[in-house]
Amino acid sequence: MDEIKSEISKIIKNAIQDAINANELPITTPPDIPFSPTKTPDHGDIATPIALGLAKSAKMPPRTIAEIIHKYVNLEKHAIISDLEIAGPGFINIYLSNEWFYDTIRNIIAERQDYGKSNIGSKKKIQIEFVSANPTGPLNIVSGRAAAVGDTLVNLLNAVGYDAVREFYVNDAGGQVERLGQSIDIRYRQTLGENNLEIPEGGYNGEYITKFAKEIVADDSDTHLKLLDDERISLFKEKGIAHLLGQQKNTLDRFGVNFDVWSSEQAIRDSGKPDEIINIFREKNYLYDNEGATWFKMTDFGDDKDCVVIRSNSEYTYFVPDAAYHLDKHDRGFTKVIDLLGPDHQGHITRLKNFVKALGLPDDWLEIDIIQQVNLVDSEGNRQDMSKRQGQFYTLDLLIDELAESVGERYAVDVARYFFLMRANNTHLDFNIELAVTQANENPVFYIQYAHARCCSIFQQAREQQYRIKPVEEVNLELLGEPEEHALIRKAADFPSVILSSAEDREVHRIPHFLHELAGLFHPYYNLHRVLDSSNTDRSYARLILVDCIQTVLANGLNLLGISAPESM
RNA sequence: GCGCCUGUAGCUCAGUGGAUUAGAGCAUCUGACUACGGAUCAGAAGGCCGGGGGUUCGAAUCCUCUCAGGCGCUCCA
C-alpha cells in the first residue's frame, strides 16, 4: 500500500504540474500529496484531500481544483488506477485497478510468513528495557501489561528490520532489597518463636514473605540465628532475591515473554562504572557539595531543582547506578535505547534524560515511554491500591490461573495478552478482575482466532473434497470479483504499513485492532459466499487463494502479539 | 503551586499528519437458509466527542481557558 501511495502521489503531482504549466492552477510548485483512508467502498480504495489543501493558496474552490487535477490525470497511461472521482467538498477518490489486487495476492502468497515485514531498521541495534520490577515480590498485573507491550514492541521492531533485544534490569542492590532482607529476617525469627518483632518502615508485609521464611526454616531450621544480624539479613537478602527473581522468571516464561538479557544493578555497582560517572560529572563541573551531600546541577539542564547524587552518608542515590547502567548500554553498542516505565516514574524521566545528556550522549539516543497504570477496581467501581510493601496486589500468575478456569489453560495467556495489548499505552486501565474473568469468553481475541481456525477448516474441507494444492500462477484471480473480496484484499494490503507505523509510533494496540477489523471482514464474507463450491471449482480455487492470504495475515499478526493462531478451537 | 496522562454510546475502548455520514466490542431488542464450524452472520437502538472560547472553508483531532479523575515533583527506588 505504501508503494501504491508513492506511485499515485507521483501521478497526481505530475498532473498538478501540468495544470500549473497550462496556467490553470495559480500556484508555484506541486505540494506533497496527503492520503486519507476511505471509510466506505463508496469512497474508493484510497482518497486524497489535496484539492482542499490547495484551496487557500490557489484561491479557488476545492471542487474546481479537484476537477482540474482530474482532467490532467491520464487514466489510460496509468494502469494501477482504474478510476478517479470527485466527491464531497473536493476529495479525489481513487479506485485501484484489478491488477494491483492480483499483485497484492501474489505478494502475500510469495512472502508468506514474512508478509508484513520490512527493512526500514537496517539492522540497527535497539534495546528495549521493560518490566524491570524490583525482586521483592511476585509480578503483578501492572508488570503484565508492561511485559505484553514490551514483548510485542520488540517483535514489531524486529519485523521492520531492527535488531531489537529485550532487557530486564534487576534492582538487586540498594534500600529496597535491603528491606526485603530485613523483612524475611523478621518472619524467619517469628517463625522460630520470637515475639515483639515488627516489619520495619518500608518493609514487605506480603504473605509470600512469611511463606518463604517458613521454607527457610523447614530447610535450615534455626542455624542462621548463629550469624550476626547483619550477616543473616544479608544472607536472606541474597536468598530472597534469588527466590523472587526465579519466581518472576517463571511467570514471564508462562506469559510467553523471554528476555534476552538480565542486567544486575549490583553488577553495575561492582563494575566501578558509578565511580566513573561521578568523575565525569566532576570534571565537567556538574557537581557541588552542600550540607554534606553531593549535588548534581540539574538546573543547568532546565530542571527546576538540583538533585542529590551522593548522600551525606556517602552512599549513591539510585540515579548514579542508573546513569551508569545507561552508559553501559551505550558501551554495548546500542544505537538507541527505549525504556518502558510506569507513570510513577514520571519524575525520573527528565532527570535520567539529563544525566544521559550530561554524559554526552545524543538527545534521541534514550527514549522513555510511559505505559499507564493498571488500577484494580472492585465490582462497585472502587479503586484498590496495589502495594508490594503492604502486600496488596493481584499477581499476573493469579490472573492467568483465574482466566484458565474460565477459558482453559490453552487460551488463558492469549486472553490476558490481548486484554493488555488492545489498549493504547496511555489509557489508564481500570481492571475489574471479576469482570475480566467472567467476560473472558467474550474477549475479542477469540473472534480473530476463530477467523484463523475457520480458514484452516476450509482447507481441511478442501483436502477432504479432493482439491489439490494449486500454485497461485495456475489460478484465475479474476474470479475474485465480489466487493467483499475486494475489501479483504485491500485490508490485507494495509498490513505492512500498520506494522511500520505501529513500531515507529510505539503504538502496539494498532495490531490487535487491525486484526479485529480483518476478521470482521472475513466472517461476513464467509457467511455470504461459499468458498468451496463443486459447481464452480475454478472460482473455488481462486477463493482458496484468498483464504490463504487472510489466514497468512491473521497468523502473522497474532504471532507478532505472541498470541496463538489455532487451527481448530 | 508546577509538570505529565486521561475525559468519545449504558459499560470497555478505537479514531494514523484536521476532511466525505464519529466507529467497534459487550450489554439491550429483532431476525438467519437441513450448505465449507452458530466462538458466526443480518438488522435495530444508543452520541451537544467533559465544558467555554479561538484558528480554519472544515475540529473528537490544533491553540487557549476551565471542570473532573489519576500520577509525579524525597539525602525512597
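Quick note on labels: first sequence line is chain A, next is B, and so on, each numbered from 1. The shown structure was predicted, so the numbers you read here are calculated from the model rather than taken from an experiment. Hydrogens, waters and symmetry mates are skipped; everything else that's a heavy atom, side chains included, is used.
Each of U20(B), G37(B), C26(B) was ranked by its minimum atom distance to the side chain of Gln439(A); first place goes to C26(B). If you check A77(B), G37(B), C75(B) against the side chain of Glu291(A), the one that comes closest is C75(B). Comparing atom distances between the Gln373(A) side chain and each of A77(B), U20(B), G70(B) picks out G70(B) as nearest. The listed nucleotides are A77(B), C36(B), C26(B); the one nearest the side chain of Tyr526(A) is C36(B). Picking from A77(B), U20(B), C75(B) the nucleotide with the shortest atom distance to the side chain of Trp295(A) gives C75(B). The side chain of Leu532(A) sits closest to C36(B) out of C36(B), U20(B), G37(B). In this structure, of C26(B), U40(B), G37(B), it is U40(B) that holds the atom nearest to the side chain of Asn527(A).
In this structure, Lys470(A) forms a cation-pi arrangement with Tyr541(A), its terminal cationic atom sitting closer than 6.0 Å to the ring centre and no more than 45° off the ring axis. By the 6.0 Å and 45° rule, Arg530(A) does not stack over the aromatic ring of Tyr526(A).
Using a 4.0 Å heavy-atom distance criterion, His529(A) is classed as a base contact. At a threshold of 4.0 angstrom between heavy atoms, the contacts of Pro444(A) with the nucleic acid are absent. Contact annotation for Ala87(A): base contact, defined as any heavy-atom pair under 4.0 Å involving a base atom. Residue-level contact check: Gly53(A) touches the bases, meaning some heavy atom is under 4.0 Å from a base atom. Nucleic acid contact for Gln449(A): none, since no nucleic acid atom lies under 4.0 Å from a heavy atom of the residue.
Of the side-chain N and O atoms in Tyr450(A), one or more sit less than 4.0 angstrom from OP1 or OP2 of A39(B). Contact annotation: Lys305(A) reaches the phosphate of U74(B) (side-chain N/O to OP1 or OP2, under 4.0 Å). A sub-4.0 Å separation between OP1 or OP2 of A77(B) and a side-chain N or O of Arg311(A) is present. Close to G38(B), at under 4.0 Å from its OP1 or OP2, lies a side-chain N or O of Arg454(A). Under 4.0 angstrom from either OP1 or OP2 of A77(B) there lies no side-chain N or O belonging to Arg179(A).
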Counting primed atoms, P, OP1 and OP2 as sugar-phosphate and everything else as base, the B/S/- map of nucleotides 4-17 of chain B against protein heavy atoms under 4.0 Å is SBS-----SSSSS-

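Comment: Arg269(A) does not engage Asp172(A) in a salt bridge, judged by the lack of any side-chain N to carboxylate O separation of less than 4.0 angstrom.
Rounding to the nearest 0.5 Å gives a distance of 7.5 Å between CD1 of Ile69(A) and OG1 of Thr48(A).
For Phe296(A) and Tyr288(A), the ring centers are positioned 6.0 Å apart or more. Proximity of the aromatic rings of Tyr467(A) and Phe459(A) is defined here by a centroid distance below 6.0 angstrom, and this criterion is not met. Taking the six-membered ring wherever Trp is involved, the centroid distance between the rings of Phe281(A) and Phe355(A) falls below 6.0 Å.
Between the side chain of Ser457(A) and the base of C36(B), no donor-acceptor pair under 3.5 Å is found.
Stacking between His43(A) and U20(B) is present: the aromatic ring centre lies within less than 5.5 angstrom of the base six-membered ring centre, and the two planes differ by under 30 degrees.
No hydrogens or angles considered: a donor-acceptor pair under 3.5 Å links the side chains of Ser263(A) and Glu167(A).
For the pair Ile458(A) CD1 and G37(B) P, the interatomic distance rounds to 8 Å; values are reported in whole Å. Rounded to whole Å, the distance from CZ on Arg351(A) to P on C76(B) is 12 Å.
As the counterpart of G72(B), C2(B) is assigned, both hydrogen-bonding distances of the Watson-Crick or G-U wobble pattern falling under 3.5 Å.
On the C1' atoms, C75(B) is 23 Å away from C71(B), given to the nearest whole Å.
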